[in-house]
Amino acid sequence: MKDPYRVGDALPPLEIPVTRTLIVAGAIASRDYQDVHHDAELAREKGSPDIFMNILTTNGLVGRYITDHFGPTAVLRKVAIRLGVPNYPGDLLRLTGRITTVESGNRIPMDSENHTPPEGENRTLIEVAVAGDNRMGRHVTGKVTLALPHEPREQLHESHQPHHTRPL
């Protein structure tokens, strides 16, 4: 069976409202207590117009963008991002992606008890180039490599609800 993903395929965009709560919660969740991520007055004293999102929150949002699109069986193998302009409260982060590589592994039977293949087998590796923009310009660029188990096409599309059809 032909894999349902091809080089050049674009992922649907994901728009994420950047709120003060998202910025602060992401910083706390990633144990980043730098004041520029939670204290607007101190951020301004340091030259920033407001608090801004940390890289770990951006990294998590990029990962979510990929796994929401490819479904719950997607395993992130590598996330490599580079930050550009900051994300401030009130911004709208718009993530986009394009498949740059699709590499199919050997198709071997799945272990019926654990439903997991031996490492590196019975999977497709996909690399996606990702970009995220806000009102100031390019916030993030990067590449994400993920692994998907070989499944019939019907199962791939029935096993998850894409991000563009569900609320944040």
A.B. asks: Kindly say whether Leu93 contributes a backbone atom to a donor-acceptor pair with the side chain of Asp91 at under 3.5 angstrom?
C.D. replies: no
A.B. asks: Who pairs with Ser30 by side-chain hydrogen bond (donor to acceptor under 3.5 Å, both in side chains), at least two apart in sequence or on another chain?
C.D. replies: Asn54
A.B. asks: Taking all non-hydrogen atoms of both residues, which atom of Val18 and which atom of Tyr88 are closest, and how far apart?
C.D. replies: CG1-O, 3.4 Å
A.B. asks: Kindly work out whether a path of hydrophobic side-chain contacts (I/L/V/M/F/W/Y, heavy atoms less than 4.5 Å apart) joins Val130 to Leu56.
C.D. replies: yes
A.B. asks: How far apart are the closest heavy atoms of Tyr5 and Leu148, and which atoms are they?
C.D. replies: CE1-CD1, 3.6 Å
A.B. asks: For the CG atom of Leu95 and the CD1 atom of Ile66, what is their distance to the nearest 0.5 Å?
C.D. replies: 8.5 Å
A.B. asks: Is the shortest side-chain heavy-atom distance between Ile126 and Thr124 below 4.5 Å?
C.D. replies: yes
A.B. asks: Are any of the side-chain heavy atoms of Leu11 and Ile99 separated by less than 4.5 Å?
C.D. replies: yes
A.B. asks: With side chain to side chain contact (heavy atoms under 4.5 Å, CB included) as the test, would you mind laying out the steps for Lys78 and Leu76 before giving the verdict?
C.D. replies: CA-CA 6 Å; Lys78 180 179 180 181; Leu76 298 180; over 6 Å; no
A.B. asks: Checking Asn59 against Val79 for the side chain to side chain contact (heavy atoms under 4.5 Å, CB included) test, could you report, in this order, the C-alpha distance in whole Å, the side-chain angles of both residues, the deciding distance, and whether it holds?
C.D. replies: CA-CA 8 Å; Asn59 196 69; Val79 178; 3.1 Å; yes
A.B. asks: Measuring only between side-chain heavy atoms, which start at C-beta, is Arg94 closer than 4.5 Å to Asn134?
C.D. replies: no
A.B. asks: Check whether any side-chain heavy atom of Tyr65 lies under 4.5 Å from a side-chain heavy atom of Val128, and answer yes or no.
C.D. replies: no
A.B. asks: Asp133 versus His139: any side-chain heavy-atom pair under 4.5 Å?
C.D. replies: no
A.B. asks: Not counting sequence neighbours, which residues clear side-chain hydrogen bond (donor to acceptor under 3.5 Å, both in side chains) with His37? List them please.
C.D. replies: Asp32
A.B. asks: To the nearest 0.5 Å, what is the distance between OG1 on Thr21 and CD1 on Ile28?
C.D. replies: 10.0 Å
A.B. asks: Shortest non-hydrogen contact from Asp50 to Ala40?
C.D. replies: OD1-CB, 3.5 Å
A.B. asks: Enumerate donor-acceptor pairs with a distance under 3.5 Å from any side-chain N or O in residues 140-147 to protein atoms, sequence neighbours excluded.
C.D. replies:
none

A.B. asks: Would you check if Ile81 and Ile55 make a side-chain contact, meaning some heavy-atom pair closer than 4.5 Å?
C.D. replies: yes
A.B. asks: If you round to the nearest 0.5 Å, how far is CD1 of Ile51 from CG of Asp35?
C.D. replies: 11.0 Å
A.B. asks: Quick check for you: to the nearest 0.5 Å, what is the distance between Leu22 atom CG and Leu61 atom CG?
C.D. replies: 6.0 Å
A.B. asks: Do Met136 and Pro86 come within less than 4.5 Å of each other through their side chains, counting heavy atoms only?
C.D. replies: yes
A.B. asks: For the residue pair Pro89 and Ile23, establish whether any side-chain heavy-atom pair is separated by less than 4.5 Å.
C.D. replies: yes
A.B. asks: Indicate the atoms forming the closest heavy-atom contact of Val24 with His38, along with that distance.
C.D. replies: CG2-CA, 3.9 Å
A.B. asks: Here's a test for you: under side-chain contact (heavy atoms from CB on, under 4.5 Å), which of Val102, Val7, Thr100 qualifies with Glu127?
C.D. replies: Thr100
A.B. asks: Once you round to the nearest 0.5 Å, how far does CZ of Arg123 lie from CD of Glu103?
C.D. replies: 5.5 Å
A.B. asks: Could you give the distance from CD1 (Ile16) to CE (Met53), rounded to the nearest 0.5 Å?
C.D. replies: 7.5 Å
A.B. asks: Decide side chain to side chain contact (heavy atoms under 4.5 Å, CB included) for Phe52 and Val36; before the verdict, give the C-alpha distance in whole Å, the side-chain angles of both, and the deciding distance to 0.1 Å.
C.D. replies: CA-CA 7 Å; Phe52 55 90; Val36 294; 3.5 Å; yes
